[in-house]
Amino acid sequence: MTTTTSVITPNNTPASSTVLELNRQPAAAATVQHRSLVPEKWGDQVRAIGIAEYKEAALSLAQAFASDDLARYLVEAEGGGDGDDTLKWRLHVDIMNYIVAAHCYSGVVTTIGADYDGVALWLPPGQTMDDWWTTLRSGMWRLYWQLSPEGRRRYYNELLPLLHDTKRDVMGDRDDDCYYLVYLGTKPSGRGRGYATKLIEDMAVKADAENRAMYLESSSLKNNAYYAKFGFEIKKDIYMGMDESWSPDDSDQTTPPPPVRMSIMVREPHPQQQQQHPHFAPVAQTPSLTNNKQQQLKSGIMAAAAASGHHHHHHHINKQIVCGGGLTQRVQ
């Protein structure tokens with residue numbers, strides 16, 4: 001910026017002169033580049049994170065799933081549709097905190113973007129979260145007492161058994177021998193940058209190298225079409241919150257349709273595709289895998305539930321694969 005000021009000449013007569021508003025600085029200073037503290041590799045590279053970063057990743061997932069049908073079905077059991085939105089949001093964030101922490105300890109959490117814009121939670125083959133140590137450290141044991149009786153019913157008696165039994169039926173002998181995409185979300189500010197694509201392909205490279213299948217549930221028809229691009233195929237549909245007498249072919253209009261529909265999708269390995277995406281390098285090695293048959297994820301608060309007289313089969317927690325809205329609007 002420049003300004004005009006009057007100066008006194010040797011003849012004591014004012015003269016107009018243009019001077020810099022700021023003191024003159026060395027010419028080299030004008031070319032100094034200020035280096036950002038954000039690690040450059042965080043921009044568009046997939047990286048695995050540990051427990052030190054679980055809260056940031058959890059908040060991103062909470063934002064991504066803020067309007068998701070299944071998330072709302074579970075949380076809105078607390079006080080019904082007219083309950084306190086603030087309390088529901090806090091519960092939603094708490095659930096995400098527990099789930100992400102548990103995956104940091106016993107699964108794999110990958111993220112992309114400078115602000116944890118995209119996050120994926122994975123359960124590799126042979127991994128389980130059944131142990132007490134994971135339950136305690138993740139804080140998941142608290143959830144049982146945070147939910148209302150109806151919330152517990154939906155969560156432990158409806159959702160978890162359905163997801164556990166479905167995965168076992170669909171995958172059969174490969175139930176413990178596949179890569180399970182438990183969560184995939186991109187928060188609103190990070191959409192449209194292809195983050196979800198990179199998160200999926202990053203692990204797909206590893207699955208293909210090991211000749212293993214990938215499994216997920218999708219509660220969005222738009223998401224189904226998106227996942228199909230990666231080779232995922234729909235195996236069956238399951239329903240949450242439906243009347244036991246209702247069926248997909250029910251023509252009785254007096255029977256309300258289920259509030260949540262989830263499509264079970266499986267991707268078979270494609271070893272030949274490894275060389276098609278050379279820029280997607282696998283993340284750091286996951287814990288050693290075993291072929292021993294283990295019970296699939298149980299409830300993160302199974303100990304607390306058992307003490308209260310509830311037996312839960314599964315630890316899969318809100319596993320639908322939705323990316324916070326229409327994928328066609330946020331991924332490339």
Side-chain angles (χ1 to χ4, degrees), residues 58-103 121 129 135 138-167 182-183 185 217-220 223 237-248 254-264 296-325:
L59 184 57
S60 290
L61 280 181
Q63 295 178 38
F65 285 83
S67 60
D68 175 68
D69 289 341
L70 183 53
R72 289 174 53 245
Y73 174 70
L74 296 173
V75 175
E76 287 183 351
E78 311 305 306
D82 297 328
D84 189 329
D85 287 340
T86 300
L87 295 178
K88 292 177 183 177
W89 171 252
R90 291 176 180 173
L91 176 60
H92 179 56
V93 173
D94 282 345
I95 293 174
M96 292 298 179
N97 277 323
Y98 304 151
I99 296 173
V100 174
H103 281 80
L121 307 186
M129 297 181 189
T135 299
S138 66
M140 205 171 293
W141 58 272
R142 300 186 180 95
L143 183 57
Y144 184 84
W145 286 278
Q146 291 181 259
L147 294 172
S148 67
E150 173 60 16
R152 293 170 189 165
R153 185 199 69 78
R154 294 183 183 185
Y155 198 85
Y156 298 112
N157 298 343
E158 186 181 7
L159 175 66
L160 300 185
L162 176 62
L163 297 181
H164 169 266
D165 295 344
T166 300
K167 185 170 182 287
V182 182
Y183 259 100
E217 301 103 357
S218 170
S219 57
S220 166
N223 290 3
D237 291 329
I238 57 177
Y239 299 87
M240 286 287 300
M242 59 180 275
D243 185 282
E244 292 184 359
S245 63
W246 188 92
S247 68
T254 63
T255 303
V260 179
R261 169 182 177 173
M262 289 181 287
S263 297
I264 307 303
Q296 205 39 276
L297 299 171
K298 288 184 180 179
S299 159
I301 56 129
M302 63 176 184
S308 302
H310 292 264
H311 176 67
H312 308 307
H313 305 282
H314 210 265
H315 182 142
H316 291 138
I317 299 180
N318 198 8
K319 314 175 305 177
Q320 76 285 12
I321 311 304
V322 184
C323 299

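Basis for what follows: all heavy atoms, side chains included, without hydrogens, waters or symmetry-related copies.
A perpendicular orientation is assigned to the rings of Tyr183 and Phe65, their planes being inclined by more than 60° (bins at 30° and 60°). Ring-plane geometry between Trp145 and Trp141 is classed as perpendicular, the angle between the planes exceeding 60 degrees on a 0 to 90 degree scale with a lower cut at 30.
Glu158 meets the salt bridge (charged side-chain N to carboxylate O under 4.0 Å, His left out) test with Arg153; sequence neighbours excluded. In this view, Asp69 and Arg72 satisfy the salt bridge (charged side-chain N to carboxylate O under 4.0 Å, His left out) rule, not counting sequence neighbours.
Rounded to the nearest 0.5 angstrom, Lys167 NZ and Ile238 CD1 are separated by 12.5 Å. Summarising the geometry, atom CE belonging to Met240 is positioned 4.5 Å from atom CG belonging to Leu159; distances are rounded to the nearest 0.5 Å. Separating the CD1 atom in Ile99 from the CE atom in Met129 is a distance of 9.0 Å, to the nearest 0.5 Å. One distance of note links CG of Leu61 with CG of Asp68; it measures 11.0 Å at 0.5 Å rounding. Between the CG atom in Asp85 and the CD atom in Glu76 there is a gap of 8.0 Å [rounded to 0.5 Å]. Here the straight-line distance linking atom OG of Ser219 with atom CZ of Arg261 works out to 11.5 Å at 0.5 Å rounding.
A pairwise comparison of heavy atoms in Ser138 and Ala102 identifies CB-N, 3.6 Å as the closest pair. Looking at every heavy atom in both residues, Asn223 comes nearest to Ser218 through CB-OG, 3.2 Å. Listed here is the closest heavy atom pair of Ala62 and Val93: CB-CG2, 4.0 Å.
In this structure, the side chains of Asp94 and Leu143 stay at 4.5 Å or more apart for every pair of heavy atoms. Two residues are said to be in side-chain contact when any heavy atoms from C-beta on lie closer than 4.5 Å; Glu217 and Thr166 fail this criterion.
For the side-chain contact (heavy atoms from CB on, under 4.5 Å) test with His92, the passing option among Lys88, Met96, Arg90 is Met96; the others fail.
Remark: side-chain polar atoms of Arg154 are paired, donor with acceptor, to backbone N or O of Tyr73 under 3.5 angstrom.
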